[in-house]
Amino acid sequence: MKPRPQHKPNAPDATVLSGTPEVSDTPVASDQSDRSATSGVVHAPVASDTMHPFEASAKTAAMSPRSLVARKLVLLLVATLTIMAGIIIAPSLPAIAVHFADNEQIDLLSRMVLTLPSLFVALSAPFAGMLADRYGRKRLLVTAIVLYGVSGASGLMADSLPALLAGRAALGIAIGGIITLSMALVGDYFSGAERERYLGLQQAFVQLGGVIFVMSGGLLAEVHWRMPFVIYGAALVLVPAVMLFLTEPVRYRPRHDAAGLTTAAGMNWPVVAVVCLLAFLINVSFYTVPSQLQFHMEALGIYNASGFGLVLGSFNLAGGAIALCFGWFKRRFTTQAIFLIGFTLMTGGFVLLSVSSGYGAMIAANITLGAGLGIVMPNVMSTAIGHSAPLLRGRISGMVATSIFIGQFVSPFVSQYWVRLAGYADMFRNVGMIMAALAVLSVLAALHSRRGARNEQKNNANPRSY
């Protein structure tokens, strides 16, 4: 009898941490094609890593090399807006706590000035993703940037803590749109190795931009705690650049197979769920640094705003430098190995931070932490985008953004509870243990993936007959 065809098993726990082919779908060149197709489906070549999903777009194809470079630069600058959300005002938190000291809950609420935007990012990002998939990306992105500049700068005039927090909430809504739309555009504009290189470059821009923003925030906070809010208004200068250089991506329609199923229906949702969980845990852990480190330094008697800016700047500088090498890592290591390297570095950074008592040790700890985050976050983004069908890319981006910012919002509550129980040093040590657990899980996932690959090779070499 003829050998029975072999089918690859579906193993989401191995797939999420391995370089599996990404989901793709069928592009439709224009809205007119939708209206003219009597069946409602346009049969076109499927986009993949070997065919850029925008080859059918005449507008994109007609762009000059200089315009393509400008588009990439604008998208990178837009990405830096997300890190500006919190770290700009982090050096101002102790002064904000003093200014509104008459509030009984000021210890918690002063930290919420930093993290409240994260809650509203988490609430707004899924809706931004749905709107992006339905109505397009570009106009929504322009609207989000305008809201970002206006709401971010509102702290210059807020005369009460509720007014300050309201402005931060509106800022979160804007960031939810920006991070979702920019992540979806990365998936739309880039594919394959080019996408990996871009994601590393984006993480580098975000973290190196963080060096500039946090040090600027520290210097401005020395003048007055309100001054760092000025920086948010600078986002408005990006609006003309976005309108000029970013193009609206091609709309996608699901391609129906013989069984009437769409490629979107075949998405590996367990993979997406694991990626979202990782994004949540990473951000719960790393956000203890900008939300608690300045208070730890105060307790040690070594805090000043510009010095804290230098310490946090070293974190972003190291992360940006290592993120530039992400494409190199991706070519030489499996996804599991990259996670293992990143989580191991973060473990070491948190443990070192827990025993630091001076600027030198704290800078070393933050360099180690930043290097780990600079590897891990592009890996999370790459895995998420690589497993997103074009039809659902905006929504998947929104889910990942929600996971990231829920983690950032929850972080001060969890860390403050640990601080009250055991102090700052033990809190940082406990966070390091979370990173160590994720490193161990990365090893187990790698072993499981390798075992599955060996079994598959055996089955292919010795097919059973029926």
Within the supplied structure, the quantity of interest is the number of heavy atoms (other residues, nucleotides, ligands) at a distance under 6.0 Å from M433 CE; does it exceed 12? yes
What are the two closest non-hydrogen atoms of P290 and F308, and how far apart are they? O-CZ, 4.3 Å
Heavy-atom donor-acceptor pair, N379 side chain to I375 backbone, under 3.5 Å: no
Other residues, nucleotides and ligands only: do more than 12 of their heavy atoms fall within 6.0 Å of CZ on R332? yes
Full working for side-chain contact (heavy atoms from CB on, under 4.5 Å) between W225 and V98: CA-CA 10 Å; W225 67 263; V98 171; over 6 Å; no
R71 charged N/C atom sitting above Y189 aromatic ring, 6.0 Å / 45°: yes
Hey, could you give me the CG/OG1 distance between L340 and T335, rounded to the nearest 0.5 Å? 12.5 Å
Note: L246 and K138 closest approach over all heavy atoms is O-NZ, 2.9 Å
Please determine whether side-chain contact (heavy atoms from CB on, under 4.5 Å) holds for the pair V289 and L369, giving the CA-CA distance in whole Å, both sets of side-chain angles, and the decisive distance to 0.1 Å. CA-CA 10 Å; V289 176; L369 272 171; 3.8 Å; yes
Side-chain contact test, heavy atoms from C-beta onward, threshold under 4.5 Å: evaluate it for F245 versus L73 and give yes or no. no
Backbone N/O of G187 and side chain of S191: donor-acceptor pair under 3.5 Å: no
Who are the side chain to side chain contact (heavy atoms under 4.5 Å, CB included) partners of L161, not counting sequence neighbours? F100, N103, I106, L109, V113, L164, L165
F329 and I322 have their tightest heavy-atom pair at CE1-CD1, 4.1 Å
Is the closest side-chain heavy-atom distance between D133 and M130 below 4.5 Å? no
Keeping E248 on the side-chain end and R137 on the backbone end, is there a donor-acceptor pair under 3.5 Å? yes
Using modelled atom types only, decide if a donor and an acceptor are shared between the side chain of S411 and the backbone of V284 within a distance under 3.5 Å. yes
Only counting residues at least two apart or in another chain, list the ones meeting side-chain hydrogen bond (donor to acceptor under 3.5 Å, both in side chains) with N283. Q408
Looking at CD1 of I175 and CZ of R168, how far apart are the two atoms once the value is rounded to the nearest 0.5 Å? 7.0 Å
Counting only heavy atoms not in F127, do more than 12 sit closer than 6.0 Å to its CZ atom? no
Could you go through F405 and F280, starting from their C-alpha distance and side-chain angles, then the distance that decides it, and tell me whether this counts as side-chain contact (heavy atoms from CB on, under 4.5 Å)? CA-CA 7 Å; F405 284 92; F280 170 78; over 6 Å; no
Take a 6.0 Å sphere around CG of L236 and say whether it holds more than 12 heavy atoms from other residues, nucleotides or ligands. yes
Between the main-chain N or O of A158 and the side-chain N or O of R226, is there a donor-acceptor pair closer than 3.5 Å? yes
Just wondering, do L75 and V242 contact through their side chains at under 4.5 Å, heavy atoms? no
When rounded to the nearest 0.5 angstrom, what distance separates CD in E298 from CD in Q292? 11.5 Å
Could you tell me whether the side chain of S382 and the main chain of P378 form a donor-acceptor pair under 3.5 Å? no
Could you walk me through whether L238 and L81 pass the side-chain contact (heavy atoms from CB on, under 4.5 Å) test, one step at a time? CA-CA 10 Å; L238 284 176; L81 299 181; 4.0 Å; yes
Test your reading of the model: is there a side-chain donor-acceptor pair from T402 to the backbone of A122, 3.5 Å cut-off? yes
Can you check whether S285 reaches M435 side chain to side chain, under 4.5 Å on heavy atoms? yes
Close side-chain approach of I282 and F343, heavy atoms under 4.5 Å: yes
Over 60° means perpendicular and under 30° means parallel, so tell me whether H296 and F428 are parallel, tilted or perpendicular. tilted
Interatomic spacing from OG in S314 to CD1 in I363 - rounded to 0.5 Å: 5.5 Å
Heavy-atom closest pair, residues G200 and F326: CA-CB, 3.7 Å
Between S415 and S291, the two heavy atoms sitting closest are OG-OG, 4.4 Å
Quick one: CD1 on I231 to CD1 on I88, what's the gap to the nearest 0.5 Å? 4.5 Å
With distance as the sole test, does Y198 use its side chain to make a donor-acceptor pair with the main-chain N or O of F190 at under 3.5 Å? no
Taking the six-membered ring for Trp, are Y232 and F229 parallel (under 30°), tilted (30 to 60°) or perpendicular (over 60°)? tilted
Indicate yes or no for a side-chain donor-acceptor contact from S154 to the backbone of V150 under 3.5 Å, with no hydrogens or angles considered. no
L141 versus I178, closest heavy-atom pair with distance: CD1-CA, 4.1 Å
What is the distance from atom CZ of F339 to atom CG of L441, rounded to the nearest 0.5 Å? 11.5 Å
Beyond-backbone contact of L353 with L293, side-chain heavy atoms, under 4.5 angstrom: yes
Do L119 and I406 have side-chain heavy atoms sitting under 4.5 Å apart? no
Partners of F286 by ring-ring contact (aromatic ring centres under 6.0 Å, His included), sequence neighbours excluded? F315
Close side-chain approach of I302 to M362, heavy-atom, < 4.5 Å: yes
